[in-house]
Colleague: 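Following this message is one structure expressed as structure tokens.
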Amino acid sequence: MRRGSRRAPRITALGGGRGLSASLSALRRLTGELTAVVTVADDGGSSGRLRDELGVLPPGDLRKALAALCGDDEWGRTWSEVIQHRFQSDGDLHGHAVGNLLIVALWEKLGDPVLALEWVGRLLGAHGRVLPMSAVPLHIEASVRGLDPSLPEELSTVRGQAEVAVTPGTVEAIRLLPENPPAVPEAVTAVRAADWVVLGPGSWFTSVLPHLMVPQLRDALASTQARKVLALNLVAQPGETEGFSPQRHLEVFLEHARGVELDFVLADLDAVGAVADTEALRDAAKRLGAELVLAPVAAGDGARHDPELLAAAYDRIFRTHGRIAPWR
């Protein structure tokens with residue numbers, strides 16, 4: 001964006017699940033030009049059942065992103081609750097989310113996953129756009145060390161997002177199946193056209209890193225003129241990143257980055273002060289080409305991001321370090 005412009009910044013947020021929802025809940029406070037690019041490797045719960053039965057993309061993370069973008073008025077709040085509602089029964093509908101069924105119905109009717117999500121977004125009054133990162137349902141495969149506690153140094157292969165997320169071993173690396181999947185063209189365009197790209201927070205191996213495994217998205221991330229912010233998690237995730245320090249999260253990102261550099265790493269001030277060596281984290285950020293930004297972003301329980309605090313932290317980064325003038 002040219003200096004002196006007063007339009008809202010174009011922001012593209014990459015991720016999945018609750019982490020992306022937290023980021024979107026914050027970013028929607030700052031701009032109306034917001035695009036979410038969402039992982040499509042979920043194979044558990046309602047999403048897993050639908051992809052197995054119908055061969056469709058897993059809709060769950062896409063649904064969560066849409067719910068996070070619903071308006072704060074009665075219409076938005078109601079639809080956010082409706083699409084997140086899960087049926088409780090003794091029959092086949094048990095556990096299915098209403099939004100998953102709605103999204104899949106529109107996919108079948110329209111035959112275009114991007115167009116169908118736009119229709120859902122219009123119905124919900126979503127403050128932004130939601131895109132799948134690929135039009136191909138994906139599987140995550142991980143190399144895990146110490147899956148068998150009696151063999152702590154042995155490497156094993158764990159397949160499936162749901163299994164990787166709760167593995168008792170240490171995840172060393174991930175792969176996507178099929179390998180080198182095609183990106184949704186609109187997602188690539190959103191990354192290239194953005195003023196800012198935001199990655200994280202979220203499940204590191206199953207929500208944040210998969211975008212780097214899609215060649216066209218990775219190339220777009222490496223070459224975009226947008227500035228890139230990586231938001232760190234507040235705590236390690238049991239199973240997937242058990243025992244990881246904040247700097248270990250960055251080291252793993254670097255191992256998978258393949259030429260993607262960052263501009264800023266955002267971490268919670270209290271979380272870093274409590275569990276990490278700040279200088280070690282700053283050095284890890286520098287290896288990714290990034291400046292470390294510490295700010296209070298946690299909710300009272302210390303395990304979730306507070307949308308208002310996270311929005312304020314993003315806002316300060318965008319205003320202080322961006323090539324843009326105030327937009328509000």
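Positions are given from 1 along the sequence.
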Colleague: Quick one: do the Ser223 and Arg192 side chains pair a donor with an acceptor below 3.5 Å?
Modeller: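 Note: Ser223 and Arg192 side chains meet the donor-acceptor criterion.
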Colleague: Could you verify whether a donor N or O on one side chain and an acceptor N or O on the other, from Ser143 and Arg175, lie under 3.5 Å apart?
Modeller: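 Their side chains do contain a donor-acceptor pair, which is all the 3.5 Å distance test asks for.
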Colleague: List in chain and number order the residues that pass side-chain hydrogen bond (donor to acceptor under 3.5 Å, both in side chains) with Thr78, two or more places apart in sequence or in another chain; answer none if no residue qualifies.
Modeller: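 Thr78 satisfies side-chain hydrogen bond (donor to acceptor under 3.5 Å, both in side chains) with no residue once adjacent residues are dropped.
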Colleague: Which pairs count as ring pair (Phe, Tyr, Trp, His ring centres under 6.0 Å) when at least one residue sits in residues 208-248, sequence neighbours excluded?
Modeller: Phe244-His249
Colleague: Strictly below 4.0 Å, N to O, side chains only: are Arg129 and Glu118 in salt-bridge contact?
Modeller: yes
Colleague: Looking at CD of Glu186 and CG of Leu117, how far apart are the two atoms once the value is rounded to the nearest 0.5 Å?
Modeller: 10.5 Å
Colleague: Determine whether the side chains of Ser203 and Gln237 contain a donor N or O and an acceptor N or O closer than 3.5 Å.
Modeller: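 On atom types as modelled, these side chains qualify, holding a pair under 3.5 Å.
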Colleague: What class does the angle between the rings of His85 and Phe87 fall in, given that below 30° is parallel, 30 to 60° is tilted and above 60° is perpendicular?
Modeller: perpendicular
Colleague: Please report the closest heavy-atom contact between Ala267 and Leu281, naming both atoms and the distance.
Modeller: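 The answer is CB-CD2, 4.2 Å.
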Colleague: Please name all residues satisfying salt bridge (charged side-chain N to carboxylate O under 4.0 Å, His left out) with Glu242, sequence neighbours left out, ordered by chain then number.
Modeller: none
Colleague: Taking the basic N atoms (NZ, or NE/NH1/NH2) and the acidic carboxylate oxygens, is any pair closer than 4.0 Å for Lys286 and Glu279?
Modeller: no
Colleague: Going by side-chain hydrogen bond (donor to acceptor under 3.5 Å, both in side chains), name the residues that satisfy it together with Ser207, two or more places apart in sequence or in a different chain.
Modeller: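 Checked Ser207 against side-chain hydrogen bond (donor to acceptor under 3.5 Å, both in side chains); zero matches.
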Colleague: Are the side chain of Ser21 and the backbone N or O of Ala68 linked by a donor-acceptor pair below 3.5 Å?
Modeller: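 Between the backbone of Ala68 and the side chain of Ser21 there is no qualifying donor-acceptor contact (under 3.5 Å).
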Colleague: Are any of the side-chain nitrogens in Arg29 or Asp72 under 4.0 Å away from the carboxylate oxygens of its partner?
Modeller: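 No, no charged N to carboxylate O under 4.0 Å.
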Colleague: I'd like to check the side-chain hydrogen bond (donor to acceptor under 3.5 Å, both in side chains) partners of Arg218; sequence neighbours left out, ordered by chain and number.
Modeller: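 Arg218 satisfies side-chain hydrogen bond (donor to acceptor under 3.5 Å, both in side chains) with no residue once adjacent residues are dropped.
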Colleague: Among the clusters formed by ILVMFWY side chains lying less than 4.5 Å apart, do Leu131 and Val38 turn up in the same one?
Modeller: no
Colleague: Using side-chain hydrogen bond (donor to acceptor under 3.5 Å, both in side chains) as the criterion, list what pairs up with Arg316, not counting sequence neighbours.
Modeller: none
Colleague: Would you kindly say whether Ser46 and His96 are connected by a side-chain donor-acceptor distance under 3.5 Å?
Modeller: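 Judged by distance alone, the side chains do pair up.
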Colleague: Determine yes or no for a side-chain-to-main-chain donor-acceptor pair under 3.5 angstrom, with Trp75 supplying the side chain and Leu123 the backbone.
Modeller: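 Confirmed, Trp75 side chain pairs with Leu123 backbone.
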Colleague: If you measure from CG on Leu262 to CG on Leu288, what distance do you get to the nearest 0.5 Å?
Modeller: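 Spacing of CG (Leu262) from CG (Leu288) equals 5.0 Å.
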